[in-house]
Amino acid sequence: MPKVTAVNNEILYYRFDVDGDNFTSAGEASVQTKRILRRVGFPPEAIKRVSIAMYEGEINMVIHASGGVAELYIEEDRVVIVLTDHGPGIENVELAMQEGYSTAPDNIRSLGFGAGMGLPNMKRYTDGMEIETKVGEGTKITMTVNV
Amino acid sequence: MTVRELTEQAGFRVLSMPDGEREIEGVYAGDLLSWVMGRASEGQAFVTIMTNINVLAVASLLDLSCVILSEDAEAPSEIIVSAEEKGINLLKTELPTYETCLLLGSLL
Ligand SMILES: Nc1ncnc2c1ncn2[C@@H]1O[C@H](COP(=O)(O)OP(=O)(O)OP(=O)(O)O)[C@@H](O)[C@H]1O
Ligand SMILES: [Mg+2]
């Protein structure tokens, strides 16, 4: 279960640990996110965009960074997702953002990943996306969806 | 056409059908999940040979009407249980993907 903290009256905050060992069960944070946003009463279109972005980001942390943390900030008129990992980092962000670029190994590809579409999807389904990354240290991705 | 009607007319096997009255709005075929995530749209039937749990995540996040496993792809029992729990219609056929899509094209 996610940890929930009320930052103040306006913002709801949730934190999910994304397990790096088990990518067949990955997707838990996005399932929870969908549930939470439904309860808050957000429009279905916004819920869909947030949960898809969360799913792709979560899967990336599992596949490429052996796990990490997903944080969700729910504000009145927008949702912010922050994904933080201490994986290998991304050497060339511009290249990684291109459709079709993937370094996923064969065993991961056999599960249907590795189209190189995750990051482009995250950008497409959100209103803002920022990647901070350092090779050897990790990656932090911040995405915003306006409601 | 509803998922139940399609299943009967196409002779697909039912692995899970928690929502048989769901209306089918088009078809999308593919096995690379993030590709499908970016291209498929709500209400479509999703034809794939992938049988892992992430297929269900795609179906559920995009709110697809059903997943059709083609080429006699073998679904592990935990996937079938999970599809039922998540309210996802999961069907199966021995037809190859191309023939499955042809059949869908002629029926829908
Ligand atoms: N959190 C991360 N840490 C390190 N590298 C990453 C991370 N996220 C993405 N990458 C790198 O960026 C590439 C492109 O990511 P993207 O999500 O677009 O494709 P993919 O995960 O390889 O395949 P798909 O998402 O289509 O299944 C990855 O192959 C990987 O090299
Ligand atoms: Mg990816």
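Below, read A as the first sequence line, B as the second, and so on, with proteins coming before strands; counting in each chain starts at 1.
Within 6.0 Å of the NZ atom in B:K86, the count of heavy atoms belonging to other residues, nucleotides or ligands exceeds 12. Crowding of A:E76 atom CD: a count of heavy atoms from other residues, nucleotides or ligands under 6.0 Å not exceeding 12. Within a 6.0 Å radius of CZ in A:R38, other residues, nucleotides and ligands contribute 12 heavy atoms or fewer. For A:E91, the CD atom counts as loosely surrounded, since its 6.0 Å shell holds 12 or fewer non-hydrogen atoms of other residues, nucleotides or ligands. For B:R39, the CZ atom counts as densely surrounded, since its 6.0 Å shell holds more than 12 non-hydrogen atoms of other residues, nucleotides or ligands.
A:L111 and B:L33 get closest at one heavy-atom pair: O-CD1, 3.8 Å. Pairing each heavy atom of B:A57 with each of A:Y55, the nearest pair is CB-CE1, 3.5 Å.
Both the backbone and the side chain of B:L62 come within contact range of chain A, each with at least one heavy atom under 4.5 Å from a heavy atom of that chain. Contacts of B:S60 with chain A are made by both backbone and side-chain atoms, with heavy-atom separations under 4.5 Å. In this structure, the portion of B:M50 lying under 4.5 Å from any heavy atom of chain A is its side chain and not its backbone.
Listed for the A:K48 side chain is no donor-acceptor partner under 3.5 Å among the backbone atoms of B:D63.
If you take CE on B:M37 and CZ on A:R124, they are separated by 11.5 Å, rounding to the nearest 0.5 Å. Residue B:S34 holds its OG atom at 11.0 Å from CD of A:E99, rounded to the nearest 0.5 Å.
A heavy-atom distance below 4.5 Å is found between the side chains of A:I59 and B:N54.
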